[in-house]
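Heads up: the structure comes next, in C-alpha cells.
Order of the sequence lines sets the chain letters (A, B, ...), proteins ahead of strands, with each chain counted from 1.
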2 protein chains.
Amino acid sequence: MDEKDLKILRLVQNDARLTADAISLDVGLSAPAVQKRLKKLRETGVIEREIAVLSQGKLGRDMTIIVEVILERESRAHLDAFKRKMRQAACVQQCYYTTGEADFMLILTVKDIQEYERFTEENFFDESNISRFKTSVVMDRVKASLDVL
Amino acid sequence: MDEKDLKILRLVQNDARLTADAISLDVGLSAPAVQKRLKKLRETGVIEREIAVLSQGKLGRDMTIIVEVILERESRAHLDAFKRKMRQAACVQQCYYTTGEADFMLILTVKDIQEYERFTEENFFDESNISRFKTSVVMDRVKASLDVL
DNA sequence: CATGAAAAGGCCTGAAG
DNA sequence: CTTCAGGCCTTTTCATG
C-alpha cells in the first residue's frame, strides 16, 4: 500500500468503470501494473465491492427518513432480533447500533409517508420491545459520499 | 422501464462487474440486448454512477460517529454556510438537513476519537452559530446497504 | 422499436524480458 | 515493472419480428 495504490483507490471510488489505461496515465504506471494492483486490492478486501449507484428519485423512492429507536429491553436476544429485522427490511438503507440516548439510528428511503407508516406498523408497533422512536424527515440530502479517502 | 430493467438494476447494484453475458442468463436476453439497456439506464440517469466501495477498516478509518447538530440562527445564509462546510470536510460522509429537533444529522468516519475532537474544534467551536450538538459513537454498523430496489 | 447473430474493436490477463 | 501476445468482453452493424 503505497501512494500509487492510494491514488488508484481515490479514482475508482468515484468511478469504477475507469479503464486501467486511463488510470495508468494519472498514476504513472503501465496498464498491466495497474490491473495487478487492482486485483490485489480486491483480494485483500481493501476494495470490498464494486456497485452501481441507482437514482432514488428516478425510481420513485426519493423520500429519506431518519429514525432514532430506543428499545424497552436491551438483552442480547432482543438486540439481535431487532438487528435481524432491520437487515431484512428493504426500505432500511442503514442501521447503526449506537451509544448515547438512542439505541439504534436508522436511515430509510421510501416512496411516500404512507410507506413509512406501514414500516412503523410492521416493525415498531407489532413488537412490544420498542420503547419509543423519533422520526426526522430529510429536507435536503446535503452530502452523501462514500469516499473513504 | 420494465421488469427486465428492474432485474438488471437489482443485479448491478450489488455487483457492477457482472458481465452482460452473466446478466443475460438471469434476465433471459442476449448479451447485446443487456448492454443496450445498461447504456440507456446510464444515459437516463437511473444508474447514477458505478463506484468501488472501500473497506474503512483496512484503511484505518473504522470509527463511525453520528452527530445531531442544532444551529443558533437558522437564516438562509447560516444554513448555506454550514452546508458548505460539511461538504468540504473530508470525514463527513453524509449530511442531512432535517425536520425535528435537530437541524442537521451527520455521519462521519474517523481514525480515532482524537480526529473527531479535531473536527469539532474546527467546525463547531470556532463558529458561534452552533447552539449544541449531540454525539453518538457507532458500536455496530448493522446494515449499510445502498440498495434502492 | 427492440431483439438477436455475427464481426470488429477494445480491454483485461497471462508470459517473457 | 514493462512489453507483447492471446483471449474475453463489449460494441457496433445489420437483418428480423
What is the distance, to the nearest angstrom, from the CG atom on B:D5 to the P atom on C:dA2?
10 Å
To the nearest 10°, give me the bend of the helix from C:dC1-D:dG17 to C:dG17-D:dC1, comparing the axes of its five terminal pairs at either end.
30°
Sequence neighbours excluded, every pair satisfying ring pair (Phe, Tyr, Trp, His ring centres under 6.0 Å) that has a member inside residues 21-68 of chain A
none
Atom of B:D2, atom of B:R37 and distance for their closest heavy-atom approach:
OD1-NH1, 2.9 Å
What residues form a side-chain hydrogen bond (donor to acceptor under 3.5 Å, both in side chains) with A:S75, not counting sequence neighbours?
A:H78
ILVMFWY cluster membership beyond A:L59 - transitive side-chain contacts under 4.5 angstrom:
A:L54, B:M1, B:L6, B:I8, B:L9, B:L11, B:V12, B:L18, B:I23, B:V27, B:L29, B:V34, B:L38, B:L41, B:V46, B:I47, B:V148, B:L149
Under the side chain to side chain contact (heavy atoms under 4.5 Å, CB included) rule, collect the residues that match up with B:E48, sequence neighbours excluded.
A:V53, A:S55
Interatomic distance, B:E50 CD vs D:dT10 C1' [rounded to whole Å]
14 Å
Between C:dA2 atom P and B:I8 atom CD1, what is the distance in whole Å?
13 Å
Report the hydrophobic cluster partners of B:L108, with the cluster defined as I, L, V, M, F, W, Y residues connected by side-chain heavy atoms closer than 4.5 angstrom, directly or transitively.
A:M139, A:V142, B:M63, B:I65, B:V67, B:V69, B:L71, B:L79, B:F82, B:M86, B:V92, B:Y97, B:F104, B:L106, B:V110, B:I113, B:Y116, B:F119, B:F124, B:F125, B:I130, B:F133, B:V137
In whole Å, what is the span from the CG atom of A:L25 to the P atom of D:dT2?
12 Å
Nucleic acid footprint by protein, nucleotides 3-14 of chain C - heavy-atom cut-off 4.0 Å, B for base, S for sugar-phosphate alone
BB-B----SSBS
Not counting sequence neighbours, which residues clear side chain to side chain contact (heavy atoms under 4.5 Å, CB included) with B:K134? List them please.
A:E68, A:E101, A:K134, B:E68
Enumerate the residue pairs fulfilling ring pair (Phe, Tyr, Trp, His ring centres under 6.0 Å) with a member in residues 3-57 of chain B, sequence neighbours excluded, ordered by first and then second residue.
none
